[in-house]
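Before any comments, here is the structure.
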Amino acid sequence: MATGTEPPATEDRPPGGGVHTPTRAAIRARHLRTDRWWLAPAATAAGLLAFVVYSTWRAFANADYYAAPYVSPFYSPCLAENCEPMRSGPNWELFGTWWGISPAIIILIFPLGFRLTCYYYRKAYYRGFWASPPACAVAEPHRKYTGETRFPLILQNVHRYFFYAALLVAGILSYDTVLAFRDEHYAWGHMGLGTLVFLANIALIWAYTLSCHSCRHIVGGKLKHFSRHPVRYRMWQLVGRLNARHMQLAWASLVSVALADFYVYLVESGVFDDPRFF
């Protein structure tokens, strides 16, 4: 019995795989959306590409990343011997003189790995760069779909481990923020514009990190009776509220960490002096 999805005898089935395989409905149009659906993935791709270009430039620059008392979040903690000495700062010389390139390359692996495997960012760059799919109700151009079951996308499962590394990095950046309450001579009890920049950045970093799906599972996952675990239930509720804003926090923290680095770059390169409030 006809179902209404069979192609007319005189009409050829559109070529290609994906939605145009013989087992799918015979609709020639790749989608039926009439709005500007391409704006969202295009904007996402442009935003992520801009951050990639900027962070790559700053990571390989190996200069203008410490303007006492501020240290760029791209270079903290500094794990190589060729780091610029930072008084009371996160100087951990784990890599000796044999490490000749920028020390930022060492530490950026962890926060970037956390974001790269993040559930939201997966959706963002899958749509923005791979068109998999480009938007809701818009067919992807690929002939087959394997999800995240094959290499290299199966490596996305390491996200939960990058979460633990992200907690450590957020803790170190919190320490850097505390150090920002000093002046250029390392005297305590001062606040500059950079201090506010660092405070805003660390607040967004923690909000984004704690809103992670892995964090929500760690806090309240596998609990069969919330009533027997009231503390974990409260924490699960809090993380759940943050998780509802995970996308906004992902973008806000991405912008804030770049702005914090750029602020240090401007001060250290002599573009302007850090304004002091007290």
Side-chain angles (χ1 to χ4, degrees), residues 51 54-95 99 102-115 162-212 215 249-278:
F51 180 81
Y54 173 80
S55 60
T56 301
W57 165 59
R58 288 292 295 139
F60 282 95
N62 195 19
D64 300 324
Y65 57 85
Y66 181 60
Y70 310 124
V71 56
S72 165
F74 287 0
Y75 287 80
S76 182
C78 219
L79 301 180
E81 191 173 316
N82 62 351
C83 292
E84 183 175 343
M86 297 178 286
R87 183 171 175 179
S88 301
N91 283 97
W92 304 335
E93 299 178 357
L94 302 181
F95 291 73
W99 185 267
S102 171
I105 306 302
I106 306 172
I107 191 60
L108 284 179
I109 295 174
F110 301 103
L112 289 181
F114 177 60
R115 289 182 183 267
F162 274 117
F163 169 72
Y164 298 125
L167 286 178
L168 177 61
V169 172
I172 294 171
L173 295 183
S174 300
Y175 175 71
D176 294 339
T177 303
V178 173
L179 296 182
F181 284 90
R182 304 179 300 175
D183 62 11
E184 63 275 14
H185 304 295
Y186 308 104
W188 287 95
H190 298 271
M191 173 183 285
L193 178 59
T195 310
L196 298 181
V197 172
F198 273 56
L199 282 172
N201 177 57
I202 195 58
L204 290 171
I205 290 292
W206 273 114
Y208 166 66
T209 304
L210 297 179
S211 69
C212 170
C215 179
L249 292 172
W251 280 105
S253 60
L254 192 72
V255 173
S256 71
V257 73
L259 287 178
D261 170 81
F262 189 59
Y263 187 86
V264 175
Y265 166 75
L266 292 178
V267 174
E268 176 60 15
S269 59
V271 175
F272 65 87
D273 294 328
D274 179 47
R276 291 286 170 172
F277 300 116
F278 58 83

What are the two closest heavy atoms between [X] and [Y], and how far apart are they?
X: Ser256; Y: Leu204; result: CB-CD1, 3.7 Å
X: Phe163; Y: Thr209; result: CE1-O, 3.4 Å
X: Cys215; Y: Leu210; result: SG-O, 3.5 Å
X: Ile202; Y: Ala170; result: CD1-O, 3.5 Å
X: Val197; Y: Ala260; result: CG1-CA, 3.8 Å
X: Ala59; Y: Ala104; result: O-CB, 3.8 Å

task: Take Thr177 and Leu199 through the test side-chain contact (heavy atoms from CB on, under 4.5 Å) and record every step on the way to the result.
output: CA-CA 6 Å; Thr177 303; Leu199 282 172; 3.6 Å; yes

message: side-chain hydrogen bond (donor to acceptor under 3.5 Å, both in side chains) for Ser269 and Asp64? Distances and angles first, verdict last.
response: CA-CA 6 Å; Ser269 59; Asp64 300 324; 5.1 Å; no

Measure the shortest side-chain to side-chain distance between [X] and [Y] over non-hydrogen atoms and say whether it is less than 4.5 angstrom.
X: Ile107; Y: Pro77; answer: yes
X: Arg182; Y: Ser88; answer: yes
X: Asn62; Y: Pro103; answer: yes

query: Hey, is the main chain of Leu112 close enough, under 3.5 Å, to the side chain of Arg115 for a donor-acceptor pair?
result: no

- request: For Trp99, check ring pair (Phe, Tyr, Trp, His ring centres under 6.0 Å) against everything at least two apart and list the hits.
  value: Phe95

field: Partner set under ring pair (Phe, Tyr, Trp, His ring centres under 6.0 Å) for Tyr263, not counting sequence neighbours
entry: Phe272

- request: Would you check if there is a donor-acceptor pair between the side chains of Ser174 and Trp206 at a distance under 3.5 Å?
  value: yes

Euclidean distance, [Y] [atom2] relative to [X] [atom1], rounded to 0.5 Å:
X: Thr195; Y: Asp183; atom1: OG1; atom2: CG; answer: 10.0 Å
X: Leu254; Y: Leu249; atom1: CG; atom2: CG; answer: 12.0 Å
X: Ser76; Y: Leu179; atom1: OG; atom2: CG; answer: 9.0 Å
X: Ile205; Y: Leu173; atom1: CD1; atom2: CG; answer: 6.5 Å
X: Asn91; Y: Glu84; atom1: CG; atom2: CD; answer: 9.0 Å

- request: Tell me, please, which residues at least two apart from Phe278 pass side-chain contact (heavy atoms from CB on, under 4.5 Å).
  value: Met191

All pairs passing salt bridge (charged side-chain N to carboxylate O under 4.0 Å, His left out) where residues 260-278 contributes a residue, at least two apart: Arg58-Asp261, Glu184-Arg276, Asp274-Arg276

- request: Would you please name every residue forming a disulfide (SG to SG under 2.5 Å) with Cys83, sequence neighbours left out?
  value: Cys78

task: With sequence neighbours excluded, give me every ring pair (Phe, Tyr, Trp, His ring centres under 6.0 Å) pair touching residues 55-93.
output: Tyr54-Trp57, Trp57-Tyr265, Tyr65-Tyr75, Tyr70-Phe198

query: So, for Phe114 and Tyr208, is the gap between ring centers shorter than 6.0 Å?
result: yes

